S.K.: 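Encoded as structure tokens, here's the structure I'll be asking about.
One-based numbering, in listed order, for ligands and for the atoms of each. Throughout, numbering of the chain's residues begins at 1 and tracks the sequence. As a basis for the values below, the full set of heavy atoms in this structure was taken, side chains included, without hydrogen atoms, waters or symmetry mates. Note that the coordinates shown come from a computational prediction; the quantities given were computed from them, not determined experimentally.
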Amino acid sequence: MDKFVIEGPRTLSGSLTVGGSKNTALPLMAAAVLAEGTTRVTNVPDLRDVHTLSKVIRVTGPDVTVRPDEHAIEINASTVDEPVAPYELVKKMRASFYMLGALVGRCGRARVSLPGGCAWGPRPVDLHIEGMKQFGAEIELDEGYVVAKATGGRLSGGTFRMEPSSVGATVNLLLGAVTARGGSKIENAAMEPDVVAFGEALKKMGAQIDGLGTRTIEIQGVDALTPIEVRNTPDRIEMGTFMILAAMAGEPGEPFEINNGNHEHLGQAFKDYFRGTGAETKYTDEGAVVTPPETVTPVSIRTETYPGFPTDLQAQWTVMLATADGEATVTDTIYDDRFKHVPELQRLGIDVTVDGNAATVRGGQPIKGAQVMSTDLRASVSLVMAGIVASGRTDVLRIYHLDRGYENLATKLRSAGANIERQQYDEFAEPERKA
Ligand code: UD1
């Protein structure tokens, strides 16, 4: 396995560049399955999740060519003749469940494995399944698989209200509804920029969709979609991660650039909270320029659906609070128990405690290097950020989680002044005896 070895503390300077969005690339890839012919997506990050979904799509028939050097992916979906997404692949990544909508939309039937557990508690797919039923699919569960069939090979369409609002269920229902025989309505739909960009791409392919970016999306089914070339959006979570890192580890008073980001996708709540930290921020067409404060002002946050503060940035915010002058709380209203990183942060000397769905951080304690374990994607990057400001050596183990969502992270961070290296290690090696 691989780990990061980080020597700190280091002050970062210069710039960091944001890659293409993982959470937009995945639905764009699923959309390609709907259209006969080759769809090309550019600005696709070279990430493990993208490779996993490529494999899932290949199983169903299409040719998928990943071009990491060009950050492009080509999906030739002329043939989709095996509408199955196997457990072996779906268990690696929940977004593989998008194949349910994509395959029902294209073939009128699908056999897709249930995703199973997740590092931070139950993440159900009941809304995906219930919505598909409301849109006319017959659904059975068979040996861990969801088996869906649309009478006559196409969904009929219908109305579905989701509670809570779900990114994944909105994507899946859009995938199914765009080729339905009739019209569909999704109420309390996700408004996340990832969903909007994906919906815009579907429209470019010929889908008829109204209300993207609002809570009510209406779809009028069409007979078929056509393949397109589409540019993926920048990763808003990577942009937010880099902004938080700049505020906590940058040179106070020295502007730090975040390039290739789209600040409009951050959402107003993040921007407002971020301003409260004392980091001066100028948003530009290129991204953002963050001038770190002398000391971060502690700001409590609550995660909400877009345009609220993203749950995918709460672990990073927690680490920034450890460098702040005072106490603040991070409350996650999307996931109740997304705090597996907290015991790891405690190993670094960070004074943080969890009560229910909230973590309280008392900043200003010395942060000292230690061995810590990645538990999930965003938690892992928070450990790396802590390692950069910690004194001494931090080993972040099991970084395969991180490879799911951050491309070339060590190289990027080194270019901004971090002392971070990727090393292989044996997880089961006996500890060395200290003389
Ligand atoms: C997506 C993102 C993930 C992010 C999350 C919330 C992708 C690939 N992943 O995940 O990074 O953390 O949005 O912004 O885009 N829910 C149900 N039943 C369902 C589906 C969801 O109760 O059938 C609940 C979930 O438990 C959660 C809430 O709805 O409390 C939102 O989850 P959802 O938006 O579906 O997250 P994902 O699409 O899985």
S.K.: What is the ring orientation for Phe339 with His341, classed by angle as parallel under 30°, tilted 30 to 60°, or perpendicular over 60°?
M.R.: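 If you compare the ring of Phe339 with that of His341, the planes turn out tilted.
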
S.K.: Between Leu26 and ligand 1, is there a nitrogen or oxygen pair with a distance under 3.5 Å?
M.R.: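 It does not: no N or O of Leu26 is found under 3.5 Å from an N or O of ligand 1.
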
S.K.: Does ligand 1 have an atom under 4.0 Å from some heavy atom of Pro124?
M.R.: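 Flag set, Pro124 near ligand 1.
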
S.K.: Side chains of Thr311 and Asp332: any donor to acceptor distance under 3.5 Å?
M.R.: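 Present: a donor and an acceptor within the cut-off.
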
S.K.: Is any N or O atom of Asp312, backbone or side chain, closer than 3.5 Å to an N or O atom of ligand 1?
M.R.: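 The answer is yes, given that Asp312 and ligand 1 share an N or O pair closer than 3.5 Å.
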
S.K.: Please name all residues satisfying ring-ring contact (aromatic ring centres under 6.0 Å, His included) with Tyr283, sequence neighbours left out, ordered by chain then number.
M.R.: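 For Tyr283, the residues satisfying ring-ring contact (aromatic ring centres under 6.0 Å, His included) (neighbours in sequence not counted) are His263.
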
S.K.: Need the ligand 1 atom indices (1-based, order shown) with element for anything under 4.0 Å from a heavy-atom of Ile334.
M.R.: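 Close to Ile334: 27 (C), 30 (O), 31 (C).
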
S.K.: Measuring from atom CD of Glu143 to atom CZ of Arg111, what distance do you get when rounded to the nearest 0.5 angstrom?
M.R.: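 Spacing of CD (Glu143) from CZ (Arg111) equals 6.5 Å.
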
S.K.: Classify the ring geometry of Phe97 against His128: parallel below 30°, tilted from 30° to 60°, perpendicular beyond 60°.
M.R.: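 The arrangement is perpendicular - the two ring planes meet at more than 60°.
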
S.K.: Can you list the atoms of ligand 1 that are under 4.0 Å from a heavy atom of Gly168?
M.R.: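 Those of ligand 1 that fall under 4.0 Å from Gly168 are 35 (O), 38 (O).
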
S.K.: Looking only at non-hydrogen atoms, which of Val125, Asn23, Leu53 approaches atom 8 (C) of ligand 1 most closely?
M.R.: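 The option holding the nearest heavy atom is Asn23.
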
S.K.: Which bit of Pro164 gets closer than 4.0 Å to ligand 1, counting heavy atoms only: side chain, backbone, both or neither?
M.R.: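 The part of Pro164 near ligand 1 is the side chain, not the backbone.
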
S.K.: Could you tell me if any non-hydrogen atom of Glu304 lies under 4.0 Å from any atom of ligand 1?
M.R.: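 Under 4.0 Å: no for Glu304.
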
S.K.: May I ask you to check if ligand 1 and Val167 share an N or O to N or O distance below 3.5 Å?
M.R.: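 Yes, Val167 has an N/O under 3.5 Å of an N/O on ligand 1.
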
S.K.: Any N or O on Asp126 sitting closer than 3.5 Å to an N or O of ligand 1?
M.R.: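 Yes, since at least one N or O of Asp126 sits under 3.5 Å from an N or O of ligand 1.
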
S.K.: Would you check if there is a donor-acceptor pair between the side chains of Asn232 and Ser21 at a distance under 3.5 Å?
M.R.: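 Their side chains do not contain a donor-acceptor pair, so the 3.5 Å distance test is not met.
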
S.K.: Which of the numbered atoms in ligand 1 are under 4.0 angstrom from any heavy atom belonging to Arg338?
M.R.: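 Atoms satisfying the 4.0 Å criterion: 12 (O).
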
S.K.: Applying a 4.0 Å heavy-atom criterion (strictly less than), which segment of Thr311 is in contact with ligand 1: side chain, backbone, both, or neither?
M.R.: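 It is the side chain that touches ligand 1; the backbone stays farther off.
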
S.K.: Sorted by first residue and then second, give each side-chain hydrogen bond (donor to acceptor under 3.5 Å, both in side chains) pair with at least one member in residues 342-359; sequence neighbours left out.
M.R.: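 Applying side-chain hydrogen bond (donor to acceptor under 3.5 Å, both in side chains) to every pair that reaches into residues 342-359, excluding sequence neighbours, yields Asp351-Arg362, Thr353-Arg362.
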
